[in-house]
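Keep in mind that what you see is a predicted model, and the values were worked out from it rather than measured.
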Amino acid sequence: MNIIKLNAIGSTNTFLKELVSTRLVDNYTVVSAESQTEGKGQMGSEWVSERGKNLLFSVFIEFNSFKALDVFYLNYAVSLAVITALNKYELPSLSVKWPNDILSQSNKISGILIENSFRNNELNYSIIGIGINVNQVEFDLSLKQIKSLKSILGKEIDRERLLSNVLFSIKREIDNCTEKNFYSIKRKYLEVLYKKEIPTMFKDSGNNIFIGKIINVSDSGKLQIELEDTSIREFGIKEIQILKNL
Ligand code: BTN
């Protein structure tokens, strides 16, 4: 893999997107940075990271006949890749909070932001942005339930080795995706899905708070929650917030 290492940049996702729009970029080109001034998180949020302590990188993946409708499998595959790489460390209870926050117990240790480009009804390419909190130990107090590998394991982690492990796993899971091994991706994803089958409090987009348990993800990528009256509701990405256990 071709890895472009930067000291400081606005956002590795934006940098890679601009690169792709101006020249021919090899599949699996990686851009990593020591710090970002405009790190992007999911749903317009900001990704804050102390300089030189963590992993901040983006991977360019080109697709050939991959249906736009199946794009959510990519989210699952990338989450699984990060979990697989992190499994090499003794992190307690690794899980994926739907759709793709990586947690150890209830603490977020990694975030994924995938930006897709579609052509007709197919996925043309994706920029897969990943932030992993590795050796940072001080976090802004407003950032609740955020931890790093070091703050959990109590020791410094080799960032280079972790990066190459994650990249290796990404390649394997993306291959699974392009080979359309969707059943196995979904099965593995459900095995690590946070709060699956556990009664939990949720908030929907109308600010209604309710109790239910996550039971599945649908074949269109929605989260399926069984309510107390045993009916099942489905939620898309911006439609639900997981609050807490009962
Ligand atoms: C989230 O909100 O959980 C997603 C965070 C994704 C952060 C990574 S850091 C590298 C890449 N560049 C960005 O600007 N964002 C992603």
Minimal non-hydrogen separation, L113 against N13, with atom names:
O-ND2, 3.3 Å
Any ion pair linking K5 and E160 (charged N to carboxylate O, less than 4.0 Å)?
yes
I128 side chain near I61 side chain, heavy-atom distance below 4.5 Å:
yes
Rounded at 0.5 Å granularity, tell me how far NZ in K222 sits from CZ in R233.
11.5 Å
hydrophobic_cluster_shared for L69 and L223, side chain cutoff 4.5 Å
no
Would you sort out whether I214 and T200 count as a side chain to side chain contact (heavy atoms under 4.5 Å, CB included), showing the intermediate values?
CA-CA 8 Å; I214 295 172; T200 304; over 6 Å; no
Would you say the side-chain atoms of S220 pair up with the backbone N or O of S218, donor to acceptor, closer than 3.5 Å?
no
Does Q36 reach the side chain of T12, with side-chain heavy atoms less than 4.5 Å apart?
yes
Test log, rule side chain to side chain contact (heavy atoms under 4.5 Å, CB included), inputs S32 and L55:
CA-CA 7 Å; S32 89; L55 282 177; over 6 Å; no
Transitive ILVMFWY cluster of Y183, excluding itself - 4.5 Å side-chain cut-off
none
Just checking F168: does its CZ atom have more than 12 heavy atoms from other residues, nucleotides or ligands closer to it than 6.0 angstrom?
no
Which residues pass the ring-ring contact (aromatic ring centres under 6.0 Å, His included) test with Y189, sequence neighbours left out?
Y76
Would you mind listing every salt bridge (Lys or Arg N to Asp or Glu O under 4.0 Å) that reaches into residues 112-124, with sequence neighbours excluded?
K17-E115, K40-E115
Less than 4.5 Å apart, any side-chain heavy atom of I237 and any of F72?
no
For K67, does the NZ atom sit with more than 12 other heavy atoms under 6.0 Å from it, leaving out its own atoms?
no
Per the side-chain hydrogen bond (donor to acceptor under 3.5 Å, both in side chains) rule, which among R51, R159, K53 passes with E34?
R159
Side chain proximity check, I157 to N135, heavy atoms < 4.5 angstrom
yes
The salt bridge (Lys or Arg N to Asp or Glu O under 4.0 Å) partners of D219 (sequence neighbours excluded) come to K186
Tell me, which pairs form a ring-ring contact (aromatic ring centres under 6.0 Å, His included) where one or both residues lie in residues 216-242, sequence neighbours left out?
F210-F235
Smallest separation among heavy atoms of S79 and I102, with atom names
O-CD1, 3.9 Å
State whether the side chain of Q145 and the backbone N or O of K108 hold a donor-acceptor pair below 3.5 Å, judged by distance alone.
no
Under 3.5 Å, is there a donor-acceptor pair linking the side chains of Q136 and N54?
yes
Hydrophobic cluster membership, with links at side-chain heavy-atom distances under 4.5 Å among I/L/V/M/F/W/Y: are I240 and I215 in one?
no
K88/R161 under side chain to side chain contact (heavy atoms under 4.5 Å, CB included): CA gap, chis, key distance, verdict:
CA-CA 11 Å; K88 296 196 163 54; R161 185 178 301 170; over 6 Å; no
Neighbour count >12 (heavy atoms, 6.0 Å) for atom CD, E38
no
Give the cluster check for L74 versus V166: same hydrophobic cluster or not, with ILVMFWY residues linked at side-chain heavy-atom distances below 4.5 Å.
yes
Rounded to the nearest 0.5 Å, what separation is found between the CG atom of N165 and the CG atom of N87?
11.0 Å
Any side-chain heavy atom of T84 within less than 4.5 Å of one from R172?
yes
Linked, directly or transitively: L153 and L163 (ILVMFWY side chains, under 4.5 Å):
yes
Taking all non-hydrogen atoms of both residues into account, name the closest pair between M201 and I209 and its distance.
CG-CG2, 3.6 Å
Tell me whether E173 is salt-bridged to K188, with the criterion being a basic N under 4.0 Å from an acidic carboxylate O.
yes
Members other than V20 in its cluster, when Ile, Leu, Val, Met, Phe, Trp, Tyr link by side-chain heavy atoms under 4.5 Å?
I4, L6, I9, F15, L16, L19, V25, V31, F60, Y125, I127
What distance separates K97 NZ from K195 NZ, expressed to the nearest 0.5 Å?
9.0 Å
Just verifying a value: how many Å separate I109 CD1 and L91 CG, rounded to the nearest 0.5 Å?
5.0 Å
Would you check if V59 and Y28 make a side-chain contact, meaning some heavy-atom pair closer than 4.5 Å?
yes
Candidate list L80, I83, V78, test side-chain contact (heavy atoms from CB on, under 4.5 Å), partner V96, passing option
I83
Just by distance, with hydrogens left out, do S231 and D229 show a side-chain donor and acceptor under 3.5 Å apart?
yes
Side-chain donor/acceptor of N121 to backbone N/O of A68, under 3.5 Å:
no
ring-ring contact (aromatic ring centres under 6.0 Å, His included) with Y73: of F63, F66, F182, only one passes, and it is F182
I232 to Q224 - nearest heavy-atom pair and separation
CG2-CB, 4.2 Å
Going hydrophobic residue to hydrophobic residue with side-chain gaps under 4.5 angstrom, can you get from L162 over to L94?
yes
Which pair of non-hydrogen atoms, one from P92 and one from I152, has the smallest distance, and what is that distance?
CD-CG2, 3.7 Å
Got a sec: does the CG of N64 have more than 12 other heavy atoms crowding it under 6.0 Å?
no
Roughly how far, to the nearest 0.5 Å, is CG of N75 from CG of N116?
7.5 Å
Are the charged groups of K155 and E90 less than 4.0 angstrom apart, N to O?
no
Would you compute the distance between atom NZ of K213 and atom NZ of K196 and round it to the nearest 0.5 angstrom?
10.0 Å
Closest non-hydrogen contact found for Q105 with Y194 is O-CE1, 3.9 Å
Under a 4.5 Å cut-off applied to non-hydrogen side-chain atoms, are W47 and S11 in contact?
no
Test side chain to side chain contact (heavy atoms under 4.5 Å, CB included) on D70 and L123; report intermediate values, then the result.
CA-CA 9 Å; D70 292 331; L123 183 57; over 6 Å; no
